[in-house]
Amino acid sequence: MSSAATLDRIDDRVFDALSEPPRRSAFRVVADRDELFTVPRLARAIRAAGPEPPGGEGGSDRGRLSLLQLRVALHHVHLPKLDDAGLVSYDRSERVVAPAYDDTAVLERARAVLSTDDDPRSDAAWTDGGGAASAGDEPPPGDGRSRSARRTGE
Amino acid sequence: MTPDGLAVERRGDGRVEAVADADGGPGVTAAVCFTVAAALDADPLALPPLADAVAPDGLASLVDARGADAGAAVRFRYADCAVSVRRADGAVTVTVDRSPAASRGAGGEA
């Protein structure tokens with residue numbers, strides 16, 4: 001019973017932290033590459049990783065944040081939120097983002113949630129199971145994560 | 001350093017006021033960040049995160065809710081400035097006052 005309450009609290013944190021597309025993109029990029037990012041570099045990496053909804057294709061740049069606005073939104077809103085949730089580590093004065101490792105339950109849940117998202121590229125990165133040959137050089141960190149990810153994926 | 005859709009004006013009384021276009025302009029939190037940065041002649045990234053001073057989602061919905069009430073303003077302090085935000089006819093107006101009384105606080109700029 002108390003563990004169900006704990007899972008609920010984890011879900012509240014994870015869903016709130018990942019409720020906006022730029023935060024999902026930021027978490028994916030940082031956790032996936034497992035390296036440090038300055039805010040401008042992270043903004044460029046998010047853009048390079050693909051289009052973010054909502055991106056009204058019709059009106060040129062309208063509806064899509066400029067790179068300047070994305071940097072400002074990351075620093076002022078999204079990275080503090082991801083940091084508070086334990087999904088990344090954000091040094092507010094140096095403006096450097098690092099992967100977070102401490103709260104494994106939250107990180108596992110976030111990965112499981114995102115693996116059901118509709119982005120096939122990130123999918124491959126999170127499911128270490130069948131056929132993810134493109135996952136690269138790094139060995140899968142452990143089975144606990146893949147098992148829970150798979151269960152949620154059904 | 002301001003985005004498209006945000007018109008920043010320095011007023012005679014030392015305040016800085018910015019109006020964000022209702023259509024295509026920056027959202028409430030972005031408008032606040034850029035206007036405070038303009039008032040302080042600072043890079044918006046050099047300011048402490050706004051989310052550590054006010055809850056961004058709460059700010060946006062409160063501004064919308066009060067805007068329905070004849071354009072009443074939401075006021076708070078951030079980065080040693082007095083900030084006032086209101087929405088009227090869809091457009092968000094941010095007013096930032098960094099008067100000596102407002103800017104002389106604990107800490108200041110490094």
Side-chain angles (χ1 to χ4, degrees), chain A residues 12-13 15-23 26-27 37-44 46-47 52-98, chain B residues 1-8 18 20-63 76-81 83 85 90 92 94 96 106-110:
Chain A
D12 285 347
R13 272 169 72 182
F15 290 151
D16 184 42
L18 298 179
S19 64
E20 292 195 28
R23 293 206 281 273
F27 172 68
F37 286 85
T38 62
V39 170
R41 184 167 164 253
L42 179 59
R44 287 195 301 273
I46 289 172
R47 274 293 141 79
E52 301 151 59
E57 302 283 342
S60 63
D61 279 340
R62 286 279 159 122
R64 185 187 164 176
L65 294 181
S66 69
L67 209 47
L68 169 64
Q69 285 199 62
L70 179 58
R71 288 199 297 268
V72 168
L74 284 170
H75 170 68
H76 284 283
V77 178
H78 300 314
L79 293 174
K81 200 131 197 173
L82 287 170
D83 179 85
D84 289 348
L87 294 181
V88 303
S89 170
Y90 184 48
D91 183 327
R92 284 128 154 104
S93 52
E94 296 298 322
R95 299 189 294 280
V96 172
V97 195
Chain B
M1 194 188 280
T2 54
D4 290 345
L6 185 72
V8 179
D21 288 352
D23 185 26
V28 169
T29 56
V32 168
C33 295
F34 283 108
T35 310
V36 171
L40 296 174
D41 285 318
D43 184 320
L45 289 185
L47 303 176
L50 181 66
D52 292 340
V54 295
D57 299 343
L59 174 63
S61 51
L62 187 55
V63 168
F76 57 95
R77 296 189 59 80
Y78 165 61
D80 287 339
C81 293
V83 181
V85 190
V92 169
V94 181
V96 175
E109 288 142 275

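These numbers come from the heavy atoms of this one structure, side chains and all, not from hydrogens, waters or symmetry mates. The sequence lines fix the lettering, A, B, ..., with proteins before strands; numbering per chain opens at 1.
- For A:Glu94, no part lies under 4.5 angstrom from a heavy atom of chain B.
- Listed options B:Asp52, B:Thr29, B:Asp43 were ranked by heavy-atom pairs under 4.5 angstrom with chain A; first place goes to B:Asp52.
- The contact between B:Asp57 and chain A is made entirely by side chain atoms (from C-beta outward), counting heavy-atom distances below 4.5 Å.
- When each of A:Val39, A:Val77, A:Leu79, A:Leu74 is checked for heavy-atom pairs under 4.5 Å with chain B, A:Val77 comes out on top.
- Taking the side chain to side chain contact (heavy atoms under 4.5 Å, CB included) definition, one finds that B:Ala42 meets it with B:Leu40, B:Leu47, sequence neighbours left out.
- Along residues 81-92 of chain A, the residues that come nearer than 4.5 angstrom to chain B, judged on non-hydrogen atoms, are A:Lys81, A:Arg92 in order of number.
- Using a 4.5 Å heavy-atom cut-off against chain A, the contacting residues of residues 30-39 of chain B are B:Ala30, B:Cys33, B:Phe34.
- Applying the salt bridge (charged side-chain N to carboxylate O under 4.0 Å, His left out) rule to A:Arg95 yields no partners; only residues at least two apart in sequence or on another chain are considered.
- For A:His76 (side chain) and B:Pro56 (main-chain N/O), no donor-acceptor pair under 3.5 Å exists by modelled atom type.
- Separation of atoms CG (B:Leu45) and CG (A:Leu68) is listed at 8.0 Å; rounding is to 0.5 Å.
- With a threshold of 4.5 angstrom between heavy atoms, B:Pro48 approaches chain A through N, CA, C or O but not through any side-chain atom.
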